[in-house]
Amino acid sequence: MNLVVFGSGRGSNFKAIVSAINNGTLNVKVSCVVVNIAKAQMIKIAKNNNIPVILVENKNKSREQHEKEILSELNKYNFDLVVLAGYMRVLSAEFIKKIAKPIINIHPSLLPCFKGLHAQRQALEYGVKYSGCTVHLVNENVDAGKILGQAVVPVFPDDTEDTLSARILVEEHKLYPRIIQQIVDGEIKI
Ligand code: GRF
């Protein structure tokens, strides 16, 4: 299975996917990454692993124009699955239709709770005792597609947004490669 990974920043989930490929626990290939921010650390990780980078910045562009440019670049690659890993742009329904391949995302909460930005802060403000992360299919609604897998972490009384985010991130790095491998193995149908 060939993946395209979309991201905008730090790229720690992308790094976890690449590490799982390199240590043989994830049996996929990353055809290329799509990045919308020129200084995204993800670019460096891709280059270190000889993975082609498609950089299409969205500054001063309509969503339609930006997505059109991405699609025309992606035409040059073979892929079966689109993996969003910290991609900070909402995909239009049109783009989801045109890309014509399943798209998955990882979100730092137990969906359907705390959709959108600052999910960890939302969890702390609500006062939940458990939170976690969710891998889900992407549809035209934000953080709303079918849930494919989740991991749970406790929330402690003295947690800050940073400590909770770090605890969740450890689980994200295990969950995302595991769910992708389960898709490859046909254990999860998408
Ligand atoms: C992660 O917390 C992920 O759940 C969310 O964006 C963050 C991306 O982090 N969608 P990274 O770029 O993978 O380090």
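Excluded from the calculations below are hydrogen atoms, water molecules and symmetry mates; all remaining heavy atoms, backbone and side chain alike, are included. No experiment lies behind these values; they were computed from the predicted model shown. Residue numbers count from 1 along this sequence. Remember, it's 1-based here, ligands and their atoms both numbered in the order they're listed.
- Partner of F6 under the side-chain contact (heavy atoms from CB on, under 4.5 Å) criterion, out of V35, V83, V82: V82 alone.
- Among the atoms of Q120, none of the N or O lies under 3.5 angstrom from an N or O of ligand 1.
- Note that CG of L111 and CD1 of I147 are 5.5 Å apart. Values are rounded to the nearest 0.5 Å.
- Looking at atom 10 (N) of ligand 1, its nearest protein heavy atom turns out to be I106 O, 2.8 Å.
- Ring pair H136/H107 is perpendicular by interplanar angle, where above 60° counts as perpendicular and below 30° as parallel.
- Within the 4.0 Å heavy-atom cutoff, G7 does not count among the residues contacting ligand 1.
- Rounded to the nearest 0.5 Å, atoms CD1 (I168) and CG (L110) are 7.5 Å apart.
- Close approach to G11 involves these atoms of ligand 1, each under 4.0 Å from a residue heavy atom: 11 (P), 12 (O), 13 (O), 14 (O).
- Between the side chains of S31 and N78, no donor-acceptor pair of N or O atoms lies under 3.5 Å.
- Residue, atom and distance of the protein heavy atom nearest to atom 9 (O) of ligand 1 are R10 NH2, 3.0 Å.
- Protein heavy atom nearest atom 8 (C) of ligand 1, with residue, atom name and distance: G86 CA, 3.5 Å.
- Electrostatic pairing of E69 and K61 counts as a salt bridge here, judged by a charged N lying under 4.0 Å from a carboxylate O.
- Nearest protein heavy-atom contact of atom 3 (C) of ligand 1 is E172 OE1, 3.1 Å.
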